[in-house]
Amino acid sequence: MNIHDLVKDLKSRKFKPVYLLHGEESYYIDKISDYIEDNVLSDAEKGFNQTILYGKDTDIMTILNSAKRFPMMSEFQVVLVKEAQELKWGKDSEDDKKAVDPLLNYLEHPLQSTILVFCYKHGKFDKRKKTYKAIDKKGLVFESAQVYENKIASWIEDFVREKNYRINARAAALMAEYLGNDLSKIANELEKLMLNCVPGTEINAEDVQDNIGISKEYNVFELQNALVRRDVFKVNQIIQYFASNPKANPMPLVLGALNTYFSKVLKFHYAKDRSQQGLAKELGVSPYFVKDYEIAGRNFDKIKTFQVISYLRDCDLRSKGVDATGNTSDGELLKELVFKIIH
């Protein structure tokens with residue numbers, strides 16, 4: 001079940017007796033658990049019928065004692081176990097056929113008036129465990145998978161659309177470049193951004209730059225454009241700004257973004273479908289950006305693109321102290337790097 005279907009069922013009050021929310025991406029786990037916490041019970045019902053426990057501070061028997069209670073003056077009671085990855089789950093494997101497991105016994109015969117929710121973050125729950133299989137059979141398992149970096153811009157566009165806004169491809173790409181793939185962080189920045197924009201309007205790159213603290217002229221996005229166009233003057237301006245503002249433009253972010261970009265330029269050279277839609281799919285970008293990669297492909301052939309990726313890896317190692325000679329600053333390393341790329 002995907003996130004939209006799950007939320008739809010919750011809004012329709014179609015509840016399962018047990019939920020296991022697990023995965024590497026915390027954003028959706030928090031979104032689902034917050035909805036259950038805020039909306040399943042009325043404020044009057046919550047006092048007697050809602051229990052919130054934390055994995056590090058509780059144990060299985062405490063959870064079961066809470067889950068086995070009957071609701072008071074309410075159709076349901078809610079038991080939320082947050083940070084469930086910290087919980088001591090005990091032995092649980094297919095080889096443990098003789099062991100008596102009170103948790104497993106409950107999960108195989110859950111109380112229908114209890115909504116028991118396990119929020120298991122920062123990793124996947126072991127699908128081989130009998131606990132997992134029991135929840136999957138009697139309740140619902142939702143895996144919150146990490147969104148890959150090449151899908152972040154599309155995720156941003158979808159998020160904004162759900163809030164009755166629009167965002168152009170350049171602005172979404174700029175946010176994706178600077179904020180990485182932490183969905184909670186991105187959602188928080190988007191919420192703040194939308195407070196300063198009129199609903200129904202299109203958010204552009206200037207809105208992003210004005211409200212998220214990204215320099216309008218001196219950012220990784222502009223550096224990429226200047227490099228592929230071999231604009232020496234602009235490249236040196238941006239690198240000088242980066243050297244003077246290392247906290248705003250940390251070396252790992254700059255190198256990571258450039259490596260991602262030139263890796264896509266390499267994919268461009270090997271793409272079989274040269275249509276705009278075909279290239280957009282192959283590169284994992286909006287069709288809006290295909291022309292930029294066509295320019296990059298003309299200015300950087302296969303051999304040069306391989307060289308650039310090699311320069312980037314070498315620069316990354318040297319910035320971390322590997323094969324470094326002397327105390328070369330990040331700013332000096334970047335200047336040397338862009339010189340090699342352009343020339």
Side-chain angles (χ1 to χ4, degrees), residues 148-150 152-153 170-171 173-182 185-186 189 205-206 208-269 283-285 289 292-343:
Y148 293 109
E149 290 183 0
N150 64 343
I152 292 296
R170 184 180 177 82
L174 185 61
M175 288 193 71
E177 204 78 75
Y178 265 82
L179 299 178
N181 63 346
D182 183 337
K185 181 179 179 182
I186 295 171
E189 293 293 343
E206 287 192 0
V208 172
Q209 291 161 340
D210 289 341
N211 291 281
I212 300 183
I214 301 171
S215 169
K216 291 184 179 181
E217 293 184 68
Y218 308 117
N219 56 64
V220 175
F221 200 77
E222 295 301 329
L223 176 61
Q224 288 172 180
N225 287 337
L227 282 171
V228 299
R229 288 169 173 77
R230 298 183 183 273
D231 187 338
V232 178
F233 180 74
K234 185 66 175 178
V235 166
N236 286 321
Q237 272 190 321
I238 295 171
I239 291 300
Q240 189 63 45
Y241 179 84
F242 284 3
S244 303
N245 299 272
K247 290 184 178 179
N249 303 276
M251 191 72 154
L253 184 150
V254 176
L255 294 180
L258 291 178
N259 186 67
T260 298
Y261 186 81
F262 280 99
S263 294
K264 289 179 180 178
V265 175
L266 193 59
K267 280 186 178 181
F268 169 85
H269 283 299
L283 302 177
V285 300
F289 291 106
D292 291 338
Y293 285 96
E294 289 173 342
I295 294 171
R298 287 197 296 270
N299 290 337
F300 291 84
D301 60 22
K302 288 181 186 177
I303 295 174
K304 181 61 178 179
T305 305
F306 273 117
Q307 288 177 337
V308 170
I309 293 171
S310 177
Y311 298 150
L312 288 165
R313 290 176 180 171
D314 177 62
C315 185
D316 181 52
L317 289 172
R318 291 174 64 192
S319 71
K320 294 171 181 174
V322 181
D323 296 330
T325 54
N327 295 319
T328 309
S329 68
D330 285 352
E332 290 171 325
L333 286 174
L334 278 176
K335 289 176 184 176
E336 180 184 333
L337 171 67
V338 298
F339 179 85
K340 288 178 178 179
I341 291 175
I342 293 177
H343 297 88

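Side-chain atoms are counted along with the backbone in the values below, which use heavy atoms only and exclude waters and symmetry mates.
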* To do: Quick one: sort the Phe221 and Phe289 rings into parallel, tilted or perpendicular, breaks at 30° and 60°.
  => perpendicular
* Asked: Can you check whether Tyr148's main-chain N or O pairs, donor with acceptor, with Asn181's side chain at less than 3.5 Å?
  -> no
* To do: Just jot down the side-chain contact (heavy atoms from CB on, under 4.5 Å) partners of Phe306, sequence neighbours excluded, or say none.
  => Leu266, Tyr270
* Within the distance-only criterion (no hydrogens, no angle test), does the side chain of Asn236 pair as donor or acceptor with the backbone N or O of Val232 below 3.5 angstrom? -> yes
* Structure fact -> What one should report as the nearest heavy-atom pair of Gly331 and Ala243 is CA-CB, 3.8 Å
* Which residues satisfy the ring-ring contact (aromatic ring centres under 6.0 Å, His included) test with Tyr261, sequence neighbours excluded? -> Tyr293
* Side chains of Ile341 and Gln307: closer than 4.5 Å at any heavy-atom pair? -> no
* Structure fact -> Minimal heavy-atom distance between Ala153 and Ala176, with the atoms involved, is N-CB, 4.0 Å
* **Sequence-distant partners of Lys340, salt bridge (Lys or Arg N to Asp or Glu O under 4.0 Å), two or more places apart** => Glu336
* Out of curiosity, Leu223 CG to Ile238 CD1, how far, rounded to the nearest 0.5 Å? -> 5.0 Å
* Any sub-3.5 Å donor-acceptor pair from Arg230's side-chain atoms to Asn299's backbone N or O? -> yes
* Go through the structure and list residues passing side-chain contact (heavy atoms from CB on, under 4.5 Å) with Ser329, not counting sequence neighbours. => Glu332
* Between Arg313 and Leu255, is any pair of side-chain heavy atoms under 4.5 Å apart? -> no
* Closest approach of Val228 and Asn225, non-hydrogen atoms and distance? -> CG2-O, 3.3 Å
* To do: Could you grab the distance from atom CE of Met175 to atom NZ of Lys185, nearest 0.5 Å is fine?
  => 10.0 Å
* To do: Report the residues that fulfil side-chain hydrogen bond (donor to acceptor under 3.5 Å, both in side chains) with Asp210, sequence neighbours left out, ordered by chain and then residue number.
  => Lys216
* Write out all pairs satisfying salt bridge (Lys or Arg N to Asp or Glu O under 4.0 Å) with one or both partners inside residues 234-245, taking only residues at least two apart or from two chains. => Glu217-Lys234
* To do: Heavy atoms only: give me the nearest Val265-Ala296 pair and the separation to one decimal.
  => CG2-CB, 3.8 Å
* What distance separates Leu337 CG from Cys315 SG, expressed to the nearest 0.5 Å? -> 4.5 Å
* **Residues in salt bridge (Lys or Arg N to Asp or Glu O under 4.0 Å) contact with Lys320, at least two apart in sequence or another chain** => Asp316
* Structure fact -> Sequence neighbours excluded, the answer for side-chain contact (heavy atoms from CB on, under 4.5 Å) partners of Thr260 is Glu149, Lys264
* Name all residues meeting the side-chain hydrogen bond (donor to acceptor under 3.5 Å, both in side chains) criterion together with Asn249; count only those two or more places apart in sequence or in a different chain, and write none if there are none. => Tyr178
* Structure fact -> For Phe300, the ring-ring contact (aromatic ring centres under 6.0 Å, His included) test, sequence neighbours excluded, returns Phe262
* What residues form a side-chain contact (heavy atoms from CB on, under 4.5 Å) with Glu294, not counting sequence neighbours? -> Phe268, Leu279, Val290, Lys291, Arg298
* Asked: Under the salt bridge (Lys or Arg N to Asp or Glu O under 4.0 Å) test, which residues partner Asp292, sequence neighbours left out?
  -> Arg229
